[in-house]
**Student:** 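Let me begin by handing over the structure; questions about it come next.
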Amino acid sequence: MPRERSNAFWQKVNSGFWFLPALFVAGGIVLYAVTLTLDQRTFTSLSALPIVFSGGASAARSVLAAISGSLISVITTAFSLTIVAFVLASG
């Protein structure tokens, strides 16, 4: 009897529209707290790692320009493919 009631409860909860987004939001809040704590505790020791970016302002500007350029290219391609799919579906 209690197992059936539990299964019915979870079925009712999972069938709702907001269960999964609320679960993702709660997971994001937990992940935020964990990464913030980790960042505060390891900030001083990160500068000793060789993987940390050690370039100047112009190098950071170049890296950000490359990232934003590639992101714009990907978004443009995805938008174009979406428009092509809409045109083909409507035809």
**Student:** Name all residues meeting the side-chain contact (heavy atoms from CB on, under 4.5 Å) criterion together with L20; count only those two or more places apart in sequence or in a different chain, and write none if there are none.
**Tutor:** L23, F24
**Student:** Can you list, pair by pair, the side-chain donor-acceptor contacts under 3.5 Å of residues 71-78, counting residues two or more places apart and other chains?
**Tutor:**
residue : atom : partner : partner atom : Å
S73     : OG   : G69     : O            : 3.0
T76     : OG1  : I72     : O            : 2.7
T77     : OG1  : S73     : O            : 2.9

**Student:** Remaining members of F86's ILVMFWY cluster at a side-chain heavy-atom cut-off under 4.5 Å?
**Tutor:** none
**Student:** With sequence neighbours left out, write down each residue that passes side-chain contact (heavy atoms from CB on, under 4.5 Å) with I83, or none if nothing qualifies.
**Tutor:** F79, V87
**Student:** Taking only distance into account, with no hydrogens and no angle test, what donor-acceptor pairs under 3.5 Å do side-chain atoms of residues 27-37 form with protein atoms, sequence neighbours excluded?
**Tutor:**
residue : atom : partner : partner atom : Å
T35     : OG1  : L31     : O            : 2.9
T35     : OG1  : Y32     : O            : 3.1
T37     : OG1  : A33     : O            : 2.8

**Student:** Starting from L88, walk the hydrophobic network (Ile, Leu, Val, Met, Phe, Trp, Tyr; side-chain heavy atoms closer than 4.5 Å) and list everyone else you reach, by chain and number.
**Tutor:** V84
